[in-house]
Amino acid sequence: MRTALLLLLCCLLVVTATAQDRFAQLAQQLEAAVVDHPGLDGAVELSVSGTPVTEFVRGLGVTHQLNLTIDPAVKGEVINNFSNARVVDVLLFLCKRYDLDIEFIGSIIALKPYVPDRPPPEAPKAPREPIVRYQADSALVDLDLRNDTLEAVARAISRSSGVNVVLAPTIGTRTVSVFLQSTPLPNALEKLAFANGLIAERTKDGGYQLRAIETEGTGKSGEKTARPATAGGDLTIVVRDDGTLEVDARNAPMERIVQEASAALGIDYYLYDALTTTATLHRTGVNYTELMVHLLKGTEYTHQVSEGVHLIGKRDLEGLRRTELVRLHHRPVKDVLAAVPEGIKKNVTLAEFVELNGIVLSGDALRMEEIKAFLRSVDQVVPVVMIEVMIVDVNRSRTLNTGLKAGLGGGPANSGGTILPGVEYNMNSTTLNDLINSFNGFGVFNLGNVAPGFYLSLQALETDGTLRLRSTPQLSTLNGHEATLSIGQTEYYLEIRNDLIGTQNPTVTSSQIYKPIKADLSLKILPVVSSEDMVTLEIEVSQSNFTTRIAQTAPPGSVERKFSSIVRAANKDMIILGGLEEKEVSRSGSGLPFLSRIPVIKWFFGSRSSKSRKSKLTVFIRPTIIY
């Protein structure tokens with residue numbers, strides 16, 4: 001106890017003496033600088049409280065016209081009352097108080113934190129030579145080994161005894177320890193090997209070979225063969241010249257495969273869990289990482305490299321899990337999770353991150369790599385399909401009305417009508433009598449006058465009509481997504497409802513409701529782009545139109561045409577759909593019996609009506625692929 005206190009006291013005295021020497025040198029430097037810096041000899045009359053030391057030094061320099069600077073890293077506050085103190089003493093006080101050093105740079109006095117001189121680095125120690133003493137006359141050897149490398153020990157034994165000691169590859173850097181006295185050399189080598197997990201074997205030339213227990217021998221071309229001495233399966237691991245492995249295992253425990261492969265390549269590893277399964281495999285030219293990937297695939301174990309150490313354990317173990325954001329570049333993340341196969345999502349949590357168009361993966365690293373490979377395969381540019389649709393609806397109609405009508409009573413008061421563009425003329429009895437009188441006298445017969453109430457109507461009218469409707473909507477959609485277009489109009493009809501309320505004195509209430517009915521043109525197209533820019537289109541077209549109402553408040557009639565089809569077209573090719581054509585022809589006539597059926601005469605004794613109508617709906621579609 002006294003010795004420890006004396007040593008502590010001596011250390012404190014040495015430190016104090018060293019500090020006193022440093023401040024004495026600073027005082028001498030400041031006194032010597034008074035000649036060049038007269039302001040250092042000035043008197044300080046100053047009282048401060050809580051002033052930062054940097055501000056205090058700056059003010060001291062301004063007051064005494066000194067170029068004082070202080071390192072901004074110096075922290076602290078000055079709380080002192082200086083009266084008739086020299087600037088030299090104040091600066092020395094600051095150096096002691098805040099452990100500062102002073103450096104003179106021309107006319108500048110710089111204060112900076114004191115950095116003690118580092119002791120010179122120690123010279124590297126010479127490697128310890130193993131203690132090996134060989135007595136040639138008795139062939140006895142003394143060994144005093146303490147964590148000496150096997151390479152140095154073999155060299156020392158061979159040099160002192162003249163007996164060659166050869167080491168198997170990869171064990172030269174292994175350290176060994178043993179203490180033996182006056183032991184025959186063969187026995188000494190056997191005990192050295194036994195104490196350090198080695199095997200000593202006699203060679204044909206009278207020397208000795210040291211190797212690890214698991215090492216069976218050296219193969220051709222410098223290859224090393226390892227065969228485990230423990231039971232359970234058959235395992236051979238060969239390290240090739242290029243640093244890869246040749247592994248042949250038959251029902252060998254996986255843990256032994258990991259241990260022997262790691263020892264053969266000198267790779268550090270850590271087992272979190274015991275590998276209880278066996279494996280049968282034969283691989284040539286495989287590196288350590290590839291061996292671990294194939295060995296652990298399909299099992300509950302995984303492996304990960306951290307700072308050069310291979311960590312092996314169960315997939316859900318903390319430290320072997322990984323979380324990563326995988327961003328998609330060419331397609332939206334929506335609905336991608338549904339496309340990931342269920343077999344590769346086991347032990348991995350997937351979540352959409354819509355804001356960054358990515359997927360958050362968390363779980364087993366090997367499964368995550370498989371999922372990432374799948375996502376990269378589907379993350380491709382999705383083509384946009386622009387669909388140009390041309391809908392042409394042509395209606396043609398022709399109506400012909402001809403006839404001669406005569407009657408008594410109820411005729412027109414005055415004769416008149418139209419002659420062009422069609423004949424529709426009415427003549428009363430007066431006009432007819434004037435016309436008959438104008439013909440009398442030119443022939444053998446004289447025509448009499450008609451009765452006062454007689455009238456005659458002549459009709460000859462033909463009408464033609466052509467209606468051509470054309471609409472050209474354009475739709476754009478992603479490949480495999482449906483595009484929909486709907487254009488229509490809505491009309492309303494009146495529905496009146498009467499309700500009978502009560503039984504003994506019933507009252508009738510009436511309500512009016514206007515109900516809508518809609519006619520429109522709807523178009524649905526689903527494009528699918530295949531190879532060689534071919535587009536398969538699923539098309540559904542529906543068109544409805546209003547017809548005449550049967551009453552003013554009745555709902556309008558409607559005519560609907562609909563068709564659907566699946567076609568395939570090349571990029572920018574025009575295809576025709578529909579071509580739905582309606583043709584209507586009707587003829588009717590009326591007149592005197594028998595006479596109205598005689599050719600030529602029938603035009604004077606009857607009237608005829610002829611009507612024909614043709615309607616055709618054609619849809620043209622042209623898809624265009626946009627990448």
Side-chain angles (χ1 to χ4, degrees), residues 121-230 235-248 256 258-269 287-288 308:
E122 296 181 359
K125 296 181 180 180
R128 178 182 181 274
E129 288 294 333
I131 300 175
V132 178
R133 300 185 186 91
Y134 181 75
Q135 302 172 19
D137 54 350
S138 60
L140 299 178
V141 65
D142 297 336
L143 299 179
D144 186 4
L145 309 178
R146 299 176 184 176
N147 291 326
D148 296 309
T149 62
L150 199 55
E151 182 180 1
V153 172
R155 186 184 302 110
I157 294 176
S158 300
R159 186 184 298 116
S160 61
S161 65
V163 178
N164 293 326
V165 179
V166 181
L167 302 179
T170 71
I171 68 171
T173 57
R174 182 181 295 189
T175 59
V176 294
S177 300
V178 73
F179 179 77
L180 298 173
Q181 283 185 326
S182 301
T183 305
L185 181 60
N187 295 341
L189 290 176
E190 290 179 1
K191 293 179 180 180
L192 170 65
F194 177 78
N196 294 277
L198 303 171
I199 294 177
E201 296 177 342
R202 194 71 178 262
T203 60
K204 294 180 180 180
D205 59 357
Y208 289 88
Q209 181 188 37
L210 296 179
R211 62 178 178 85
I213 292 178
E214 67 273 16
T215 303
E216 187 178 70
T218 57
K220 59 182 179 178
S221 302
E223 296 178 347
K224 295 170 289 183
T225 307
R227 186 178 299 276
T230 56
L235 173 63
T236 301
I237 297 179
V238 176
V239 180
R240 300 162 59 90
D241 291 337
D242 57 359
T244 60
L245 295 173
E246 181 177 341
V247 183
D248 186 11
R256 288 168 47 196
V258 173
Q259 291 174 352
E260 300 306 325
S262 303
L265 295 177
I267 292 178
D268 297 331
Y269 69 96
N287 59 35
Y288 186 84

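Just so it is clear, the values below take in all heavy atoms, side chains as well, and ignore hydrogens, waters and symmetry mates.
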*asked:* Side chains of L265 and N287, heavy atoms from C-beta outward: is any pair under 4.5 Å?
replied: no
*Search all heavy atoms of T149 against all heavy atoms of G172 and return the closest pair with its distance.*
CB-O, 4.0 Å
_Side-chain touch F179/R146, heavy atoms, less than 4.5 angstrom_ = no
*Contacts of type salt bridge (Lys or Arg N to Asp or Glu O under 4.0 Å), residue D142, not counting sequence neighbours*: none
*Checking side chain to side chain contact (heavy atoms under 4.5 Å, CB included) against L150, which of T175, L198, L145 comes through?*
L198
*For the side chain of S262 and the backbone of D268, is there at least one donor-acceptor N/O pair under 3.5 Å apart?*
no
*Inter-residue atom distance E201.CD - T203.OG1, 0.5 Å rounding*: 10.0 Å
*Would a 4.5 Å heavy-atom cut-off, applied to side chains only, mark V238 and L245 as touching?*
no
*Could you tell me which residues satisfy side chain to side chain contact (heavy atoms under 4.5 Å, CB included) with S158, sequence neighbours excluded, listed by chain and number?*
V165
*Could you tell me whether the side chain of V132 reaches within less than 4.5 Å of the side chain of L143, counting heavy atoms only?*
yes
_Heavy-atom side-chain contact between V176 and V153 under 4.5 Å_ = yes
_If I take atom CG from residue L140 and atom OG1 from residue T183, how far apart are they, to the nearest 0.5 angstrom?_
7.5 Å
*At their closest point, which heavy atom of A264 faces which heavy atom of I237, and how far apart are they?*
CB-CG2, 4.5 Å
*Which value, rounded to the nearest 0.5 Å, describes the distance between R155 atom CZ and L167 atom CG?*
9.5 Å
*List for me each residue that meets salt bridge (Lys or Arg N to Asp or Glu O under 4.0 Å) alongside R202, sequence neighbours excluded, and say none if there are none.*
none
